[in-house]
Amino acid sequence: MSGIYIHIPFCKQACHYCDFHFSTSLKKKDLLVSALVKELELRKGEFKHQVIQTIYFGGGTPSLLSIEELRLLIEEVYKHYIVAANPEITLEANPDDLLDDSSKSIFKAYKSIGINRLSIGIQSFFEEDLKLMNRAHNSEEAKICLEEATQYFDNISIDLIYGIPGMTSKRWLQNIETALAFNIPHISSYALTVEPKTALDTFIKKGLIKNVDDDLAQEQFHILIEKLEAAGFIHYELSNFGKPGYFSRNNSAYWQGKRYLGIGPSAHSFDGEHRGWNVRNNTKYINALEQNVVPIETETLSTTDKYNEYVMTGLRTIWGVSLEKVETDFGLGYKKYLLEQSQKHILEHLLYLEDDKLLVTTKGKFLSDGIASDLFKINAS
Amino acid sequence: MKNIRNFCIIAHIDHGKSTLADRLLDFTGSVTEREKQNQLLDSMDLERERGITIKSHAIQMDYTYKGEQYVLNLIDTPGHVDFSYEVSRSIAACEGALLIVDAAQSIQAQTISNLYLALENDLEIIPILNKVDLPSANPEEVTDDIVELLGCKPEDVIHASGKTGFGVDKILEAVIERIPAPKGDPNAPLQALIFDSVYNTFRGIETYFRVFDGEIKKGQKIKFVATDKEYYADEVGTLKLTQVAKQSVKAGDVGYLITGIKTAKEVKVGDTITDFANPTTNIVEGFEDVKPMVFAGIYPVDTEDYEELRSSMEKLQLNDASLVFMPESSAALGFGFRCGFLGMLHMEIIQERLEREFDMTVITTVPNVSYHAYTNKNPDTAFIVNNPSDLPDPSTVNRVEEPYIKATIITKSDFVGNVMSLCIEKRGNVLNQTYLTPERVELTFEMPLAEIVFDFYDRLKTVSKGYASFDYHPIGMKVSKLVRLDILLNAQPVDALSALIHADNAQNIGKKMCEKLKELIPRQQFDIPIQAAVGAKIISRETIKALRKDVTAKCYGGDISRKRKLLEKQKKGKKRMRQVGNVEIPQQAFMAVLKLND
């Protein structure tokens, strides 16, 4: 079970909070697509015996690619890799792109090239929030786009952001209720995070925007869990909620330590032993592939690294951290260490042990990074 | 003997002592191009980084002057008040001193007190105006200051620049012409002064000495007078940039001695070396057993490292005899050591050397001075309190005495008011105020030593915009109204955070302590009340609010390794914290009381 992630590093405009890799200049789009094609071909040997279960176009804004470009990339995957019979093929899309002139036909076109899941960057149904974050769409477009998308696609996910400065919990509740009215099966919802060197960071430092309020974010996180669980969603990862059968297969692979191939500038790959990351620069990426070189750096994971990663990702999910897996994969010493380190948190009702699995309580969820780092092992250097 | 000159350098920090010393070595050809580096005499990395001299050093230069060959012994001295005893012994080993004064900054308190020491020892003083090439130099005025201070003639003051080497020839000329050759009887029984020692991993302790009478020969059986121990001189020699072994070192000269001694404690600075069979009747005056002035607990961050800490401290003590320590235990921190230091800088140095040289991460508790407590039962016997938790129950205490110092501060007249208020706030009494020049004032205070320990230097620097220098010496014990301020975290007293303070300051310091701890202790998964108490009475409180959000929203393919590294770093940070009860306390919080005004 493995997946291919393809990074499309272009955006119409920069959202104030975003620190992913993208460019707002589309000049090199053609060259970049050729480079992606080249990388898919050059790296086919790495996944020779793997069956590809998922293909994921992320970004940036993949909906800036034309149907032909997307079709080409999907065909290249099929050409060089073994693809499962019913793969999950996801496209991240922004509402404004889905509503261009030819709007209705675009959904059909996506379906015709094999895309069967849309992840739409709604973020909020309120104008104030969208403006503050510098999104390219408005609240009206968000709603129209969803109405149309649901006519063509059944497997839709939307992104919603909470903890936005100025957003009351009442407005957040309205956002959730609006989303639920569309009857979509998957929601990814994130606390607004102020990443260093983003526009948002600068505005907050200059005092132009109020800083995020952790107390409020925590309150809104709990409203989210309560509302979505009541509506039949399963909170399967810290920021992800899905109805049964609609969990993101691509993303679940990241949290379950499965292999994935990351294509495109800044994309990351994992083969079970090594993590790799492509150069985070469009021009350097294109130039390297023109020379038939994949511009990737890799690190080899030690047993401790793997244990730490498993604890870190496991605690975020409903699958938790399996003690049996820790013992089999890393050894009895690690299992003992893990149990020893968890005691304090179990006592404080931040963690609990159930069916041989260590899980985070609802109370602990918003603190899970600190808990994970407490369970980490550090090798004496 | 008539061609030997022994001299030291008296200077304030930053007045260019080490740089000028480097130039003297260059000029006399004592170092080759290859051996050159800045602050040659400061051999510890810590000394070079901080630009200060911690240990005394000595170096011998050969110089031909008017066709005659001279041997010049330069003894470089520590530049901080914590080490003033070592300075006094270095001065006692010399016949002359270079008084280096920064042409822009003029004379500072530390310089004056060392100058007085040199004058008491009848040293010939050669005043040098350094950094004359600086645009901010004010040679006329500073020369006037020097003339007034020394009663010398303006033309006796040599203009120099350590940076360019200007004036170095004049300095060497003055060393030979003005400083008297050593006197002493080469045929009398051996009498030599120990002015420092250095630990060498392979050879044990190297003792640095100055011979006054007689000579010290390789293989000779010798005796250290104060410690009353006997040794064989396995190796003697003189100190060039590297050691040069000799058959003997004669009266008037400076050298080193190796006897196979393994611990620095046996070699006491100020002690006299003499011949075992034919001892001198004339020991070098002024020997003192150096006593620690400041005490603090040192604990391993990880309780399991206690034994390793002990062995590291023992090794440190091999080359730093002024460090004393004994085991103690704390309810909050477990097993550790109560250590005595010469002063705050010495304490910082020890902590830093433990980290650097032994990779030991330690917690240093609130430092305090040594108090004398008298109980009602035994009102005439002093009970020594080196740790706040040793203070007997207040109801049984007759009185408590604390050490006082006489402090000398030299500052610009503009800042007299500020300095005065600071010293009064620090419980000081003004004894004297003298205008050295119309712009420069010398203030003398009597104040509790404990107040110097708590953030005095930094405050003095701030209130005088850096234009104040400070020196002190102890003047004995005085009765004082002291209370113990306790800190409770999550309702649990943390003994390592207790401090003995004057009753009148308790309210203010208690409040600041709580505020500072709130700033230094990271938010945890629950609310943490911080309380300051005197006895059973809570005098101040703060609360560290529970952490509400500690999670990154996104964790996809590209985030995993970055996030893992971030959390690993956090874990390492936590390992440097000490868990007391269920509260994680970072290392620096234990020193919070020293940073109350930051």
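We name chains A, B, ... by the order of the sequence lines, and we start the count at 1 in each one.
Heavy-atom distances place the side chain of A:His345, and not its backbone, under 4.5 Å from chain B. Using a 4.5 Å cut-off between heavy atoms, B:Lys554 contacts chain A through both its backbone and its side chain. Contacts between A:Tyr260 and chain B at a heavy-atom distance below 4.5 Å involve the side chain alone, from C-beta outward. A:Asp305 touches chain B through backbone and side chain together, each having a heavy atom under 4.5 Å away. Contact of B:Lys563 with chain A is made through backbone and side chain together, with heavy-atom distances under 4.5 Å. The part of A:Gln341 that comes within reach of chain B is its side chain, from C-beta onward, which places non-hydrogen atoms under 4.5 angstrom from that chain. Both the backbone and the side chain of A:Tyr190 come within less than 4.5 Å of a heavy atom in chain B. Interface residue A:Ser368: backbone and side-chain heavy atoms are both found under 4.5 Å from chain B. Looking at A:Lys344, the atoms closer than 4.5 Å to chain B (heavy atoms on both sides) all sit in the side chain, from C-beta outward. Heavy-atom distances place both the backbone and the side chain of A:Leu367 under 4.5 Å from chain B. In this structure, the portion of A:Phe20 lying under 4.5 Å from any heavy atom of chain B is its side chain and not its backbone.
Options A:Asn251, A:Asp374, A:Leu375 differ in how many heavy-atom pairs under 4.5 Å they form with chain B, and the most are formed by A:Asp374. With respect to chain A, the highest number of heavy-atom pairs below 4.5 Å among B:Gln524, B:Lys545, B:Lys575, B:Lys565 belongs to B:Lys565. Of the residues considered (A:Trp277, A:Trp255, A:Phe270), A:Trp255 shows the highest number of contacts with chain B, using heavy-atom pairs under 4.5 Å. Your options are B:Thr552, B:Leu547, B:Leu566, and the one with the most heavy-atom pairs under 4.5 Å with chain A is B:Thr552.
Classified by interplanar angle (parallel below 30°, tilted 30° to 60°, perpendicular above 60°), the ring pair A:Phe241/A:His235 is parallel.
The ring pair (Phe, Tyr, Trp, His ring centres under 6.0 Å) search around A:Phe57 returns none, not counting sequence neighbours. By the ring pair (Phe, Tyr, Trp, His ring centres under 6.0 Å) test, A:His21 is found to be paired with no residue, residues two or more places apart in sequence or in another chain being considered.
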Q: Quick one: do B:Glu568 and B:Lys572 satisfy salt bridge (charged side-chain N to carboxylate O under 4.0 Å, His left out)? Show the steps, please.
A: CA-CA 6 Å; B:Glu568 279 170 357; B:Lys572 282 184 193 155; 5.8 Å; no
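Checked by atom type, the side-chain pair A:Glu219/A:Ser169 shows a donor-acceptor distance below 3.5 Å. Defined by atom type and a distance below 3.5 Å, a donor-acceptor pair is present between the side-chain atoms of A:Gln50 and A:Ser2.
Residue A:Gln343 places its CD atom among more than 12 non-hydrogen atoms of other residues, nucleotides or ligands, all under 6.0 Å distant. No more than 12 heavy atoms of other residues, nucleotides or ligands sit less than 6.0 Å from atom CZ of B:Phe335.
With a 4.5 Å cut-off on side-chain heavy atoms, B:Cys339 and B:Met313 count as touching. By the 4.5 Å heavy-atom criterion applied to side chains, A:Ile263 and A:Tyr5 are not counted as neighbours.
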